[in-house]
Amino acid sequence: MAGKSLIRVAGFRNLWAAQTVSLFGTQISLLALPLTALLLLDASALEISLVWAIEYVPILVIGLPAGVWLERLPRRPVLILTDLLRAAALLAVPVAVWLDALSMPLIYAVAFAIGLGTLFFDVAQLSYLPELVEEKRLVDANGKLELSRSVAQLGGPGAGGLLVELITAPLAILADAVTYLASAVFLFFIKGEERKPGPAERLGLRREIAEGLRFVFSHPLLRPLILCATLAELAFAAVLALQVVFAADELRLGAGVIGVVLAVGNAGGLVGALIAEPAARRFGTGPTFIISILLFSGGATILPLSTGPVSFAAGLFVVYVGAYIFNVLQVSLCMIVTPGHLLGRMNSVFRFVTWGVIPLGAAVGGLLADPIGLRGVFWIAAVLNIVSLLPPLFSPVRGFREDAVPSGADAGPEPARTGEPS
């Protein structure tokens with residue numbers, strides 16, 4: 001398989017296509033679902049914010065057990081079922097509009113179902129990928145997956161806005177449901193047998209959760225990575241929650257200019273996803289990690305210094321370049337050093353901790369905006385990003401090489417490969 005493009009690996013190609021189409025749909029719903037509540041139910045700002053927050057509730061409630069449960073199940077059927085769950089949840093909105101039965105509790109239930117499906121899909125996909133591609137190609141594979149995420153974030157909101165204008169918000173949500181169904185079809189056609197966990201791996205829910213936590217927080221590579229990612233997510237959450245307010249109130253930008261600024265920022269993610277694998281090859285994975293943190297920390301420092309659209313867009317662009325390089329390498333390293341029977345738990349621990357602080361960061365940023373000002377909040381975020389450099393800088397991450405995995409990070413038994421060339 002070496003030397004061949006990953007596009008020729010059928011299993012990975014279908015997984016990539018499934019993720020790409022569902023990510024575009026998700027970007028549509030991020031706009032269409034709150035607009036449906038706003039336009040058809042006259043929802044308040046608090047009710048709209050709750051729609052966003054409720055999607056994170058499943059992570060906080062069952063984020064850790066999810067990893068244990070997924071290790072007991074074949075991944076591909078879970079991926080397909082979570083796509084079908086999210087499609088069914090979204091279909092409930094246009095059906096409710098048609099029946100004149102739309103309500104905020106229904107919108108909240110849909111948001112919860114989407115968050116639940118996304119949690120299981122994300123953890124299952126991260127655990128499934130090492131079975132589809134060779135270990136030495138994980139950075140390339142994760143770069144392609146992050147590339148899709150960046151392109152979706154760049155083009156999805158515009159497509160969503162256009163669909164809302166053309167066919168109304170509820171029908172735009174229907175379009176998102178169709179993307180999840182398309183994703184399930186791509187996943188259905190992945191061939192091959194995947195690794196089946198044995199009964200000996202089952203120690204009981206609490207013990208297995210504890211084992212996953214202990215593995216991550218005692219591992220010389222994973223511990224600094226999760227600490228770094230948590231601090232960065234906390235900071236990013238505040239910035240993302242307030243970036244539009246900052247652009248409008250502090251920089252006095254109009255809606256059209258703000259849209260362009262955010263698009264330029266998201267383009268940085270596209271660049272980061274494209275250069276992550278070549279940069280890791282050129283400079284080494286560990287040094288590239290450090291460079292990525294310096295990049296998003298430097299970009300975060302530009303933001304509170306911004307005086308206009310050019311400087312603000314430049315800051316966001318640099319933040320996204322660094323963040324996407326970091327994401328590609330972090331996910332790949334975690335897959336490489338984690339035994340196969342712990343992949344689900346490792347991924348769920350990372351999601352539980354790093355995604356779990358996102359609502360906290362957004363809430364704290366909002367609470368601090370009045371007493372210290374928006375620039376003050378952005379300065380705190382910049383400091384948190386700089387501090388996030390310390391755990392990996394003073395750890396083995398700094399000099400990590402894929403061909404020299406520490407002896408304590410046994411990769412476990414080799415799983416069956418299901419990503420056969422076609």
Distance col, row I275:CD1 vs Y324:OH, nearest 0.5 angstrom, shows 13.5 Å

Show the numbers, then the answer: is there a salt bridge (Lys or Arg N to Asp or Glu O under 4.0 Å) between E211 and R214? CA-CA 5 Å; E211 185 182 18; R214 187 166 55 250; 5.5 Å; no

Across all chains, not counting sequence neighbours, the salt bridge (charged side-chain N to carboxylate O under 4.0 Å, His left out) partners of E277 are R281

Partner set under side chain to side chain donor-acceptor pair (under 3.5 Å) for T20, not counting sequence neighbours: S148

Is there a donor-acceptor pair under 3.5 Å between the side chain of S311 and the backbone N or O of G308? yes

Determine whether a donor-acceptor pair (N or O, by modelled atom type, separation under 3.5 Å) exists between the side chain of R345 and the backbone of G67. no

Check whether any side-chain heavy atom of L84 sits under 4.5 Å from a side-chain heavy atom of Y180, and report yes or no. no

Measuring from L132:CG to Q125:CD, what's the distance to the nearest 0.5 Å? 9.5 Å

For L116 and P58 the tightest heavy-atom approach is N-CG, 3.5 Å

Among residues at least two apart in sequence or on other chains, which ones pass salt bridge (charged side-chain N to carboxylate O under 4.0 Å, His left out) with D83? R86

Does some side-chain heavy atom of V383 sit less than 4.5 Å from a side-chain heavy atom of T301? no

Output yes when a side-chain donor or acceptor of W355 lies under 3.5 Å from a complementary backbone atom of Y56, and no otherwise. no

Measuring from S332:OG to R137:CZ, what's the distance to the nearest 0.5 Å? 13.0 Å

Would you say the side-chain atoms of N385 pair up with the backbone N or O of A381, donor to acceptor, closer than 3.5 Å? yes

Apply side-chain contact (heavy atoms from CB on, under 4.5 Å) to L81 and L85, showing your working. CA-CA 6 Å; L81 286 173; L85 167 67; over 6 Å; no

Residue pairs passing the salt bridge (charged side-chain N to carboxylate O under 4.0 Å, His left out) test where at least one lies in residues 229-251, sequence neighbours excluded: E250-R375

Considering only heavy atoms from C-beta outward, does the side chain of P170 approach that of L40 to under 4.5 Å? yes

So, for L119 and A66, which heavy atoms are closest and what is the spacing to 0.1 Å? CD2-CB, 4.2 Å

In terms of heavy-atom contacts, T354 and I358 come closest through O-CG1, 3.8 Å

Nearest-0.5 Å distance, CZ of residue F186 to CG of residue L181: 12.5 Å

Closest heavy-atom pair and its distance - V133, A141: CG2-CB, 4.1 Å

Is it the case that D176 and T179 place a side-chain donor and acceptor less than 3.5 Å from each other? yes

4.5 Å side-chain heavy-atom contact, C228 and L389: no

Please walk me through it: do V93 and T36 pass side-chain contact (heavy atoms from CB on, under 4.5 Å)? CA-CA 9 Å; V93 175; T36 298; 4.1 Å; yes

Check whether any side-chain heavy atom of V216 sits under 4.5 Å from a side-chain heavy atom of R223, and report yes or no. no

Contact summary for S348 and L64, nearest pair of heavy atoms: OG-O, 3.6 Å

Are the side chains of N142 and N327 in contact, using a 4.5 Å heavy-atom criterion? no

Walk me through it: do I62 and F120 pass the test side-chain contact (heavy atoms from CB on, under 4.5 Å)? CA-CA 10 Å; I62 59 169; F120 278 91; 3.7 Å; yes

Short question: side chain of S395, backbone of V397 - any donor-acceptor pair under 3.5 Å? yes

For a 4.5 angstrom cut-off between non-hydrogen side-chain atoms, does F246 reach F312? yes

Who pairs with N14 by side chain to side chain donor-acceptor pair (under 3.5 Å), at least two apart in sequence or on another chain? none

What closest approach, in Å, do G365 and L242 show between heavy atoms, and which atom pair accounts for it? O-CD1, 3.6 Å

Below 30° counts as parallel, above 60° as perpendicular, anything between as tilted: where do the rings of H219 and F215 land? perpendicular

At what distance, to the nearest 0.5 angstrom, does OG of S297 lie from CD1 of I302? 11.0 Å

Measuring from atom CG of L225 to atom CD of Q330, what distance do you get when rounded to the nearest 0.5 angstrom? 6.0 Å

Taking the six-membered ring for Trp, are the ring centroids of F296 and Y320 within less than 6.0 Å of each other? no

Hey, does L333 have a side-chain heavy atom less than 4.5 Å from the side chain of L329? no

Tell me every residue that passes side chain to side chain donor-acceptor pair (under 3.5 Å) with D122, counting only those two or more places apart in sequence or in another chain. R351

If we ignore hydrogens and angles and just use 3.5 Å, is the side chain of R76 paired with the main-chain N or O of L187 as donor and acceptor? yes

